[in-house]
Protein chains: 2
Amino acid sequence: MDTTQRTDQQRSADRRRRELLEAADRVVLRDGPKASMNAIAAEAGITKPILYRHFGDKGGLYAALAKRHTDALLGALRAALDAPAERRERVEATLDTYLAAIEARPQVYRFLMHPSEGGTPSDQGFDVGAYSFPLLRRMGEELADVIEERVDLGPDSQRLARVWGHGIVGMMHAAGDWWLGERPCSRADLVRALADLLWGRLAAAGDRAGGPGF
Amino acid sequence: MDTTQRTDQQRSADRRRRELLEAADRVVLRDGPKASMNAIAAEAGITKPILYRHFGDKGGLYAALAKRHTDALLGALRAALDAPAERRERVEATLDTYLAAIEARPQVYRFLMHPSEGGTPSDQGFDVGAYSFPLLRRMGEELADVIEERVDLGPDSQRLARVWGHGIVGMMHAAGDWWLGERPCSRADLVRALADLLWGRLAAAGDRAGGPGF
DNA sequence: GGCTACGGTTACCGCAAGTAACACATGAGT
DNA sequence: ACTCATGTGTTACTTGCGGTAACCGTAGCC
């Protein structure tokens with residue numbers, strides 16, 4: 001029970017863990033979300049049981065992997081959110097940061113968000129339902145915190161901020177997902193369109209000819 | 001190759017198919033998304049290969065099942081969208097319809113949206129990545145059509161409408177998902193909060209004390 | 001040298017998707 | 001009445017994954 005020794009062990013374990021995560025990252029990048037535990041273990045140069053010793057089960061590995069990326073992304077988003085500029089600019093910067101991230105590493109993004117869209121119809125892939133949504137939830141909560149902290153919403157501000165946080169994140173996510181798949185326009189266009197939406201342009205727009213509008 | 005006979009066969013097949021889908025629905029409702037093909041077959045009073053003869057693979061069954069629910073939901077949404085009222089009221093009605101649907105049948109909803117959050121961490125459940133997002137996509141496209149058809153957005157209206165359609169659907173989805181999990185407020189409150197967001201209240205709100213706002 | 005502790009492996013279990021090959025009915029053609 | 005094609009169903013299997021138990025080797029400590 002020597003403290004230093006324990007620290008040494010811990011360090012070693014942490015290093016190993018990081019190595020394993022890097023390997024997992026690599027294989028996920030290569031094979032997509034259908035990466036199997038065997039494949040990851042092989043990439044790391046070891047065998048399955050070690051993975052399980054480190055991460056418990058596949059969910060644990062996934063959670064660790066997701067946490068890495070989520071933390072990085074959240075850091076970037078927070079930076080964009082905290083930049084010194086007007087609110088609209090910040091919103092656009094945040095949207096752009098998110099979209100740039102998913103654009104830069106679509107494989108990672110798809111891994112985090114979409115469970116196994118790859119080759120085989122039979123899945124066996126990661127279960128994202130239990131983990132990708134926590135990712136969205138975390139983003140939503142973070143954004144809610146920022147909104148509540150910064151924007152004056154009168155009474156009910158707490159509830160309102162949380163609804164908006166999750167709603168805006170969902171908007172960003174869905175639009176980004178669609179955009180990433182179809183690439184119907186430039187990133188800047190998408191950012192503008194979304195910011196316009198948030199800025200109430202839907203409410204402000206006039207009806208089209210032919211009856212009361214949407 | 002007699003036509004009437006062929007129709008008879010087709011009808012029989014269709015009836016069978018519908019029965020199987022009902023059975024699948026029941027078992028999914030009961031067992032959650034981790035329903036196995038065996039369980040579904042058993043519920044239908046038959047065995048696996050028949051399911052495969054009808055639906056090809058699990059994805060096919062899932063897609064058929066999802067289509068049923070999606071069609072129903074889309075019908076309801078379209079009705080809300082097409083009701084004779086002001087735009088804001090329509091938006092609120094649509095949001096409320098969606099939320100009421102997921103509130104009324106959370107099991108179905110979770111099945112459609114979340115892959116296997118049930119019991120075992122090891123999944124084997126349905127692969128939603130490849131099917132739930134098509135659901136969101138469909139809703140997004142439908143909404144985009146309605147927006148473009150009804151709202152005057154000037155040039156670029158097509159692109160803008162599609163972005164907004166997917167964005168709004170994503171907002172609704174994420175907020176609904178979070179709300180369904182935490183139930184932090186009444187449905188009406190949520191609807192109002194989201195509609196307020198879409199109506200530009202974020203842009204209109206003042207900064208909070210302590211520096212430039214979000 | 002012997003002994004514990006830890007990193008590692010092989011070999012296995014359970015389970016679900018998906019399939020091949022076989023069985024039984026039923027109606028048409030001769 | 002016999003056969004034979006066709007659709008409906010079954011049993012029994014393969015494959016491939018997640019997850020685990022039980023077994024090795026080697027480093028350090030007494």
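All chains are named by letter (A, B, ...) in the order of the sequence lines, taking the proteins before the strands, and each is independently numbered beginning at 1.
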Nearest whole angstrom, please: distance from the [atom2] of [N] to the [atom1] of [X].
X       : N      : atom1 : atom2 : value
A:Asp57 : D:dT20 : CG    : P     : 8 Å
B:Lys58 : C:dG18 : NZ    : P     : 8 Å
B:Asn38 : C:dG18 : CG    : C1'   : 11 Å
B:Leu61 : C:dA16 : CG    : C1'   : 15 Å
B:Tyr62 : C:dA17 : OH    : C1'   : 18 Å
B:Asp31 : C:dA16 : CG    : P     : 11 Å
A:Arg15 : C:dG7  : CZ    : P     : 13 Å
A:Tyr52 : C:dC13 : OH    : P     : 17 Å

Please check this pair: side chain of [X] against backbone of [Y], looking for a donor-acceptor N/O pair closer than 3.5 Å.
X        : Y        : value
B:Trp178 : A:Val163 : no
A:Arg150 : A:Arg87  : no
A:Arg78  : A:Glu142 : no

(request) Determine the interplanar angle of the B:Tyr98 and B:Tyr109 rings, folded into 0 to 90°, and report it as parallel if under 30°, tilted if 30 to 60°, perpendicular if over 60°. (result)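 Rings of B:Tyr98 and B:Tyr109: perpendicular, as their planes differ by over 60°.
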(request) List in chain and number order the residues that pass side chain to side chain contact (heavy atoms under 4.5 Å, CB included) with A:Arg187, two or more places apart in sequence or in another chain; answer none if no residue qualifies. (result)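 Result, side chain to side chain contact (heavy atoms under 4.5 Å, CB included) vs A:Arg187: A:Asp96, A:Leu99, A:Ala100, A:Glu103, A:Trp179.
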(request) Name all residues meeting the side chain to side chain contact (heavy atoms under 4.5 Å, CB included) criterion together with A:Ala23; count only those two or more places apart in sequence or in a different chain, and write none if there are none. (result)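 Testing A:Ala23 for side chain to side chain contact (heavy atoms under 4.5 Å, CB included), a comparison that skips the adjacent residues, returns A:Arg26, A:Glu43, A:Ala44.
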(message) Tell me the bend of the helix from C:dG1-D:dC30 to C:dT30-D:dA1 as the angle between end helix axes, each from five pairs, rounded to the nearest 10 degrees.
(response)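 Taking the rotation axis at each end, their angle is 30°.
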(message) Please confirm whether the shortest side-chain N or O distance from A:Arg16 to OP1 or OP2 of C:dG8 is below 4.0 Å.
(response)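 Checking A:Arg16 against C:dG8: at least one side-chain N or O falls below 4.0 Å of OP1 or OP2.
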(request) With sequence neighbours left out, write down each residue that passes salt bridge (charged side-chain N to carboxylate O under 4.0 Å, His left out) with A:Glu19, or none if nothing qualifies. (result)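 Listed in chain order: A:Arg15, A:Arg16.
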Could you write out each protein N or O paired with an N or O of nucleotides 10-13 of chain D at a distance under 3.5 Å?
residue, atom, partner, partner atom, Å
D:dT10, OP2, B:Thr47, N, 2.9
D:dT10, OP2, B:Thr47, OG1, 2.3

(message) So, using side chain to side chain donor-acceptor pair (under 3.5 Å) as the criterion, who are the partners of A:His54 when residues are at least two apart?
(response)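 Checked A:His54 against side chain to side chain donor-acceptor pair (under 3.5 Å); zero matches.
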(message) Before you tell me yes or no, could you show the steps for B:Asp71 and B:Arg138 under salt bridge (Lys or Arg N to Asp or Glu O under 4.0 Å), namely the whole-Å CA-CA distance, both residues' side-chain angles and the distance that decides it to 0.1 Å?
(response) CA-CA 10 Å; B:Asp71 286 349; B:Arg138 263 186 83 192; 2.6 Å; yes
